[in-house]
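In what follows, every chain begins at residue 1, and chains take the letters A, B, ... in the order their sequences are listed. Since the structure is predicted, the reported quantities are computational estimates derived from the model, not experimental observations.
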Amino acid sequence: MGWIYIEDLKDHIGESVELRGWVWRSRSSGKISFINFRDGTGFVQVVVERSTLGDEKFKSVRKLPMEASIIIRGKVREERRAPGGVEILAEDVEVVREPSEPYPITKPDHGIDYLFDRRHLWIRSRRQFHILRLRDKIIRAIREFYWDRGFVLIDSPIFTGSIGEAAGNLFELDYFDYGKVYLAQTGQLYLEAAALAFGKVYNLGPTFRAEKSKTRRHLIEFWMNEAEVAYYEHEDNLKLQEDLVSHIVRYALENAMEHLEFLGRDIKKLEKVEPPFPRITYTEAVKLLQKKGFDIEWGDDFGGDEETAIAEQFEKPVFVTHYPRRAKAFYMQPDPDNPEVVLCDDLLAPEGYGEIIGASQRIHDYDLLVDRIKEFGLPIEAYDWYLDLRKWGSVPHSGFGLGVERTIAWIAGLEHIREAIPFPRTLYRVHP
RNA sequence: UCCGGCGUAGCUCAAUUGGUAGAGCGCCCGGCUGUUAACCGGGUGGUUGGAGGUUCGAGUCCUCCCGCCGGAGCCA
């Protein structure tokens with residue numbers, strides 16, 4: 001009788017097995033008890049009969065509270081009446097540890113604040129089980145995508161000097177005698193260095209924004225996947241993003257259907273996400289918004305409502321390209337046909353999930369980049385090594401950043417991005 | 001930071017115009033051999049977020065503070 005996991009039960013029908021895990025919920029009558037049992041890989045119903053265990057043992061087992069840790073030995077059998085179609089008929093129940101007080105998360109009717117105060121326990125719940133396992137699979141899909149295309153993983157640093165997109169939203173720390181350093185809000189500049197060394201590179205890790213954002217689309221600490229490719233221009237960049245996002249969605253449909261179904265996701269909407277994605281220029285988007293009655297002028301950036309209004313015109317994610325250069329970061333390559341706009345794109349997810357990718361072709365000309373750093377009022381001395389990249393072997397190159405939690409929230413159909421990460425850091429929450 | 005909303009039992013919520021603070025769940029005891037958020041009977045449970053004020057009387061009205069939720073700006 002060997003120890004197995006719930007996820008492998010279907011290969012052991014008719015066998016006697018051992019499962020190690022926890023009581024999720026239980027119901028009982030005088031002679032039969034049902035335990036909803038979990039072991040981290042899934043949930044299964046265990047049937048405990050008084051006639052099998054004996055009066056005394058049955059009495060103690062039927063009283064086991066939620067989150068008692070137990071080892072079950074019993075026979076696996078198919079059973080129509082059991083959730084999932086398979087159940088365990090217990091032959092023995094060994095109690096590892098019984099809780100000393102009632103488990104605080106009972107029925108699914110707790111408030112969001114209560115639950116996040118107990119996030120360390122809440123992640124045991126079924127909904128969180130499915131969301132966080134879906135996250136695991138989406139990250140697997142991202143890594144697989146790059147591995148299959150010969151990209152090299154280049155992890156960018158978390159501690160950085162004063163460098164990046166904007167100074168106003170950086171977390172500042174003391175770094176021994178060096179002085180102030182900052183938590184990374186992007187690894188892009190490092191990936192640009194790496195692209196000139198390895199050709200095709202990507203990263204995947206946490207980034208930090210000291211923005212007092214308090215919406216369903218924002219986290220203070222969030223994970224980003226960035227990619228950068230030497231010799232890629234704007235059009236190549238769009239194609240890569242399109243391929244990545246459709247790969248992730250297809251992977252989820254093929255490998256995570258169990259989670260999507262539990263979460264009640266409308267699968268049909270995800271099945272439509274296949275290349276090519278629609279494209280609209282910034283200028284066209286402004287006209288579209290004006291026609292819909294938005295008070296917006298050429299040159300303004302889009303807010304959440306504007307993004308949603310654009311995205312709802314399409315069933316797939318939509319690229320918005322060629323933004324005004326003043327609305328975007330200093331390093332973006334001007335459009336040769338119109339230098340007032342840059343070769344960039346935002347990818348907007350459908351159904352109001354907002355921007356999941358920000359992307360651009362980067363300036364590769366030394367003098368132009370210096371001009372832009374000055375124009376944006378940035379300290380040129382902080383960009384010494386970044387400018388070096390334009391001195392030696394500079395080539396056109398492009399890249400993007402994918403917001404991992406926004407992507408998960410969209411694919412899972414979540415109301416709020418905070419459920420898409422195990423321990424979210426939001427404006428007023430760093431505990432647990 | 002700004003705008004709006006909400007703080008009542010361990011949890012989720014009720015409480016007519018200002019007039020005796022309640023229910024369901026949880027927990028404890030008992031019953032039930034197929035439960036699916038099991039069900040049935042009994043029991044347990046309160047400084048109504050805090051401080052002050054108005055009033056014969058405040059969960060309810062006023063002021064300040066604290067906490068949370070939603071949104072805006074900013075962004076992935």
Atom pairs, N/O to N/O, protein against nucleotides 7-15 of chain B, distance under 3.5 Å?
unit_1: B:C11; atom_1: O2'; unit_2: A:Asp109; atom_2: O; d: 3.3
unit_1: B:C11; atom_1: O2'; unit_2: A:His110; atom_2: ND1; d: 2.6
unit_1: B:U12; atom_1: OP1; unit_2: A:Gly111; atom_2: N; d: 2.9
unit_1: B:U12; atom_1: O4'; unit_2: A:Asp109; atom_2: O; d: 2.8

#### Entry: Under-3.5 Å donor-acceptor pair between A:Ser213 side chain and B:C75 base
no
Can you see if the side chain of A:Lys212 gets near the phosphate of B:U1 - specifically, an N or O under 4.0 Å from OP1 or OP2?
yes
- Is any N or O donor-acceptor pair between the side chain of A:Arg406 and the base of B:C75 shorter than 3.5 Å? yes
Practice prompt. Check if the side chain of A:Arg77 and the base of B:G34 share a donor-acceptor pair of N or O atoms closer than 3.5 Å.
Written response: yes
Using only side-chain N and O atoms of A:Arg216, determine if any of them is under 4.0 Å from OP1 or OP2 of B:G71. yes
Note on RNA chain B: ranges paired as stems (three or more Watson-Crick/G-U pairs in a row, both atom distances under 3.5 Å) are B:1-7 with B:66-72, B:10-13 with B:22-25, B:27-31 with B:39-43, B:49-53 with B:61-65
Between A:Phe116 and A:Tyr428, ring centroids under 6.0 Å: no
For this session: Inspect the contact between A:Lys292 and A:Glu306 and indicate whether a charged nitrogen and a carboxylate oxygen are less than 4.0 angstrom apart.
Result: no
- Message: So, OP1 or OP2 of B:C40: does either fall under 4.0 Å of a side-chain N or O from A:Arg27?
- Response: no
Query raised in the report: Considering only the C1' atoms, how many Å lie between B:G18 and B:G57, rounded to the nearest integer?
Result: 8 Å
Original post:
Should we say atom CG of A:Asp148 is surrounded by more than 12 heavy atoms from elsewhere, each under 6.0 Å from it?
Top reply: yes
* Establish, for the pair A:Arg279 and A:Phe277, whether the NZ or CZ atom is under 6.0 angstrom from the six-membered ring centre and no further than 45 degrees off its axis. => no
In 5'-to-3' order, the base (B), backbone-only (S) or no-contact (-) status of each nucleotide in nucleotides 41-47 of chain B, using a 4.0 angstrom heavy-atom cut-off, is -------
* Side-chain donor-acceptor pair under 3.5 Å between A:Arg81 and A:Gln45, yes or no? -> no
Do the charged groups of A:Lys316 and A:Glu274 touch, with an N to O distance under 4.0 Å?
no
* To do: Quick one: label A:Ser28 by what it contacts on the DNA or RNA (base, sugar-phosphate, nothing), any heavy atom closer than 4.0 Å.
  => base
Under the 3.5 Å rule, do the base of B:G34 and the side chain of A:Glu87 count as making a donor-acceptor pair? yes
May I ask you to say what A:Tyr103 touches in the nucleic acid, namely base, sugar-phosphate or nothing, with a heavy-atom cut-off under 4.0 Å? nothing
Does the pair A:Lys272/A:Glu351 count as a salt bridge with the N-to-O cut at 4.0 Å? no
Which of A:Leu347, A:Asp346, A:Leu348, A:Val404 passes side chain to side chain contact (heavy atoms under 4.5 Å, CB included) with A:Ile356? Answer is A:Leu347
